[in-house]
Undergrad: 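Below are the C-alpha cells for one structure; questions will follow.
All figures in this text were calculated on a predicted structure; none of them were measured in a lab. Start at 1 with the first residue, then count along the sequence.
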Amino acid sequence: VSQSRYCTKFSYTVSGGTRQIVIDGPVFIYGNLTLKGPIVYQGIGVIFVTGHVVAEKGLEPQVPASYPSTNAIGIVASGDLSLTEGNGSSAKYAGSFFGNNSVNVQKCKIFGNIFGGTINLPTSGTRPDIYVQPEVRSKLGVPMPDFNNTRINKDNWWEMYGSAAK
C-alpha cells in the first residue's frame, strides 16, 4: 500500500433530498455518529467511530453496479452499531460493518459483512435480508477488525436459493 493511500479525503453534502458521502481512505470520528439516510456514497474507505453508530434508512453506493470494485465503505464502532430501516420500507446497506459491543439489525437489506461482539436480529416480524459479499473487506484498503473465534447460535435461519437469492 502506498503512502498516498492513507491521505484521507472525506465530504458529506446534502443537496435537495440527496445525502452523499465521498470518501477516500480512513476517517476518524471521536464520539457517536448518527447517519440519517438514505445516504449514497462514492469512493473507498473506512469510518472509525470511538462511540456508537446509528444508521437509518440506508447507506449504499451511488452506482450500485460499482460495488465493491470501485465503491465500498466500512464502518467500525467501538460501541454498538445499529442498522435500521427508520420509517422506510426498503433500506439498503452495502459495506462492511463492525460493532465492538453489538450490532443491531432491523428490517433492512445488507449487502456485505457484519461483525460484532453480539449480532442482534429480530426474532419475529419482518427480518433483514443479508447478502454476504466476501470481497468488500479486501477492497477497503484499510484493515478492519473482526473476530477469530466466532460462534453462531442458530435460533431461526432461512436460506434463499435460485431467483429468490437475487
Undergrad: Measuring from L59:CG to I21:CD1, what's the distance to the nearest 0.5 Å?
TA: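 L59 CG to I21 CD1: 5.5 Å, rounded to 0.5 Å.
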
Undergrad: Is it true that Y93 and V54 fall in one hydrophobic cluster, defined by side-chain heavy atoms closer than 4.5 Å?
TA: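 As far as the 4.5 Å side-chain criterion goes, V54 and Y93 are not connected within one cluster.
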
Undergrad: For T84 and V105: C-alpha separation, side-chain torsions, deciding distance, then whether side chain to side chain contact (heavy atoms under 4.5 Å, CB included) applies.
TA: CA-CA 6 Å; T84 69; V105 181; over 6 Å; no

Undergrad: Counting N and O atoms only, with roles assigned by atom type, does the side chain of S96 sit under 3.5 Å from a partner on the main chain of I75, one being a donor and the other an acceptor?
TA: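 Here the side-chain-to-backbone pair does not exist.
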
Undergrad: According to a hydrophobic-cluster definition based on side-chain heavy atoms being under 4.5 Å apart (Ile, Leu, Val, Met, Phe, Trp, Tyr only), do V63 and Y131 belong together?
TA: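 No.
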
Undergrad: Say you draw a straight line from CG of D80 to OG of S102; how long is it, rounded to the nearest 0.5 Å?
TA: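 Spacing of CG (D80) from OG (S102) equals 3.5 Å.
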
Undergrad: Mind checking whether F10 and D24 have side chains closer than 4.5 Å, heavy atoms only?
TA: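 No, every pair of side-chain atoms sits at 4.5 Å or beyond.
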
Undergrad: For residues 27-47, please give each side-chain donor-acceptor pair under 3.5 Å, one per line with the distance, not counting sequence neighbours.
TA:
residue	atom	partner	partner atom	Å
N32	OD1	H52	N	2.7
Y41	OH	A94	O	2.8
Q42	NE2	Q62	OE1	2.7

Undergrad: Might you work through the side-chain hydrogen bond (donor to acceptor under 3.5 Å, both in side chains) test for N71 and S66, ending with a clear yes or no?
TA: CA-CA 6 Å; N71 289 296; S66 66; 2.6 Å; yes

Undergrad: Hey, does P122 have a side-chain heavy atom less than 4.5 Å from the side chain of Q106?
TA: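 Q106 reaches P122 side chain to side chain.
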
Undergrad: Is there a path of hydrophobic side-chain contacts, each under 4.5 Å between heavy atoms, that joins I119 and V136?
TA: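 Yes, it is one cluster - the side chains of I119 and V136 are joined through contacts under 4.5 Å.
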
Undergrad: Sub-3.5 Å donor-acceptor pair from the side chain of Y12 to the main-chain atoms of V22, do we have one?
TA: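 The answer is no, because no donor-acceptor pair under 3.5 Å joins these two groups.
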
Undergrad: Side-chain polar contacts of residues 109-118 - donor-acceptor pairs under 3.5 angstrom, sequence neighbours left out - could you list them?
TA:
residue	atom	partner	partner atom	Å
K109	NZ	D129	OD2	3.0
N113	ND2	Q133	O	3.2

